[in-house]
Amino acid sequence: MVTAKAWVLKKHFEGFPKTSDFDLKMIELPNLKDGELLLESVFLSVDPYMRPYSQRDMKEGDIMIGTQVARIVESKNPAFTVGAFVIARSGWRTHFISDGKDLQHFPSSWPDSVPKSLALGTVGMPGLTAYFGLLEVCKMKPGETVLVNAAAGAVGSVVGQLAKIGGCKVVGCAGSDEKVAYLKKIGFDEAFNYKTVTSLDEALRKASPDGYDCFFDNVGGEFASIAINQMKKYGRIAVCGAISQYNVSVSQKGPYVQVPMIFKELQMKGFIVTRWSNRWEEGLKALLKWVVEGKVKCHEHVTEGFENMPTAFIGMLKGENIGKAIVKV
């Protein structure tokens, strides 16, 4: 019999999450039935969406939501071989039992040279978010100028590189000089530290005096309110995230967007990547190809140890990571 460790939501977050909001539980797993398999988590993902989704979808005492790369330890299901790796959505736990219906196989074309942890990042949900957000929401065209904030994160760093592949000029902003250096290293045309500029409005104008055709927004709040005034006529805004607001306990009042939207005839659309779940294979194939070819660079911020899941999650929300934040069990 296997004992699994699992992190549960002890207390709903009030403002910024704290380690005391989580509790580590031990769960005795039963023996496998026919058709089932036992898996152990190898890499686990921590993502911004977990903050608002936990508030909306979870009860106190539930196991924290999330995705992992897992190895099959034991199998009574002929479709799954012991030792194989899969992608699962089984939350923050070291071991779990599945009937296989909720598991995703790695593509047969996945080379040994590409770390399997990238299935949680660049060649996974964050990469697909960048891919479909740019192609289907922003509808970027060659020669256009694309703005992305939280640009050194799991999604933003892929957005910028895909926009460059698509023939666009790319402007990114991030919250440290180290992150800005990383953005320039992976091919961003312009990048700046929004925490150190004297005026965000001036920094955006300096980076692209003619304005922006596309704005991939991961942050919301004040940044979005300023950036919307620098959109070009008929510009498109993809609202992917609002990390500036996830940990705010008091509702914010901001400038209103209707006037610039009307006069510039802008399109602003929120989206969740699962809308294109029927096309994920297409997106993953393209992303994996670009990674193998070296056209998309990947950086991972790895925290060692399952016991450090809450710390990794909180650090990611504070912006401590460059690229994808993951936990290695």
Side-chain angles (χ1 to χ4, degrees), residues 48-49 51-52 129-153 155-164 166-175 179-180 183 188-248 250-273 275-276 319:
Y49 79 82
R51 174 63 178 87
T129 301
Y131 180 86
F132 289 111
L134 274 176
L135 296 182
E136 300 298 332
V137 183
C138 281
K139 297 187 183 297
M140 65 169 183
K141 305 182 194 72
E144 292 189 324
T145 302
V146 175
L147 170 66
V148 56
N149 50 20
V155 175
S157 58
V158 181
V159 168
Q161 294 181 85
L162 297 191
K164 288 305 297 178
C168 296
K169 174 184 174 180
V170 182
V171 176
C173 79
K179 290 179 179 180
V180 169
L183 296 180
F188 280 62
D189 296 285
E190 300 285 344
F192 63 86
N193 181 347
Y194 73 90
K195 290 182 179 177
T196 56
V197 295
T198 51
S199 163
L200 180 58
D201 184 67
E202 286 177 15
L204 288 168
R205 209 174 297 281
K206 181 181 177 185
S208 181
D210 296 332
Y212 299 91
D213 301 282
C214 302
F215 171 28
F216 197 107
D217 186 16
N218 294 305
V219 175
E222 183 183 9
F223 188 105
S225 300
I226 292 170
I228 197 169
N229 290 298
Q230 297 204 25
M231 297 299 294
K232 294 182 184 180
K233 188 111 172 162
Y234 311 121
R236 289 89 64 204
I237 302 169
V239 183
C240 173
I243 199 166
S244 69
Q245 294 157 279
Y246 292 161
N247 299 300
V248 174
V250 180
S251 295
Q252 294 175 310
K253 281 192 175 181
Y256 301 105
V257 301
Q258 286 81 1
V259 171
M261 286 193 72
I262 293 166
F263 284 111
K264 295 188 178 188
E265 298 184 63
L266 305 176
Q267 293 181 38
M268 185 177 189
K269 184 184 286 186
F271 75 97
I272 297 171
V273 68
R275 183 195 307 184
W276 298 281

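In K141, the NZ atom is crowded: over 12 heavy atoms of neighbouring residues, nucleotides or ligands sit closer than 6.0 Å. At most 12 heavy atoms of other shown residues, nucleotides or ligands fall within 6.0 angstrom of atom CD in E222.
In plain terms, the two heavy atoms of V155 and C240 that are nearest each other are CG1-SG, 4.4 Å. Closest approach of K264 and M231 over heavy atoms only: NZ-O, 2.9 Å. Nearest heavy atoms, V180 versus A191: CG1-O, 3.8 Å. The minimum heavy-atom distance between A151 and G172, with the atom names listed, is CB-CA, 3.8 Å. Between G175 and N193, the closest heavy-atom pair is C-OD1, 3.5 Å. Across all non-hydrogen atoms, the minimal contact from A207 to V171 is CB-CG1, 3.7 Å.
The only option from R236, K232, K164 that meets the salt bridge (charged side-chain N to carboxylate O under 4.0 Å, His left out) definition with E144 turns out to be R236.
Residues M140 and D213 form no side-chain contact, since every pair of their non-hydrogen atoms from C-beta on lies 4.5 Å or further apart. Between Y194 and N149, the closest side-chain pair of non-hydrogen atoms is not below 4.5 Å. Side-chain contact between R51 and N247: present, with at least one pair of heavy atoms (C-beta onward) separated by less than 4.5 Å. In this structure, T129 and F271 have side chains that are in contact, with non-hydrogen atoms separated by less than 4.5 Å. Put simply, the side chain of L134 reaches to within 4.5 Å of the side chain of V146, judged on heavy atoms. Inter-residue side-chain proximity for F192 and L204 is flagged as met; some heavy-atom pair is nearer than 4.5 Å. At least one side-chain heavy atom of I228 sits under 4.5 Å from a side-chain heavy atom of L266.
Side-chain atoms of N218 never come within 3.5 Å of backbone atoms of G241 as a donor-acceptor pair (strictly under, hydrogens ignored). In terms of modelled atom types and a separation under 3.5 Å, the side chain of K179 and the main chain of G319 share a donor-acceptor contact. Remark: side-chain polar atoms of S244 are paired, donor with acceptor, to backbone N or O of V219 under 3.5 angstrom. Distance alone, capped at 3.5 Å, is enough to place a donor-acceptor pair between the Q230 side chain and the R205 backbone.
Using bins of under 30°, 30° to 60° and over 60° for the plane-to-plane angle, the ring pair F215/F223 lands in the tilted bin.
The distance from the OG atom of S208 to the NZ atom of K206 is 13.5 Å, given to the nearest 0.5 Å. Put simply, OH on Y212 and SG on C168 are 13.5 Å apart, with the number rounded to the nearest 0.5 Å. To the nearest 0.5 Å, the span separating CD on Q267 from OH on Y234 amounts to 11.0 Å. Distance check: L162 CG to L135 CG gives 7.5 Å after rounding to the nearest 0.5 Å.
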Could you check F188 against V148 for side chain to side chain contact (heavy atoms under 4.5 Å, CB included), going step by step and ending with a plain yes or no? CA-CA 10 Å; F188 280 62; V148 56; 3.6 Å; yes
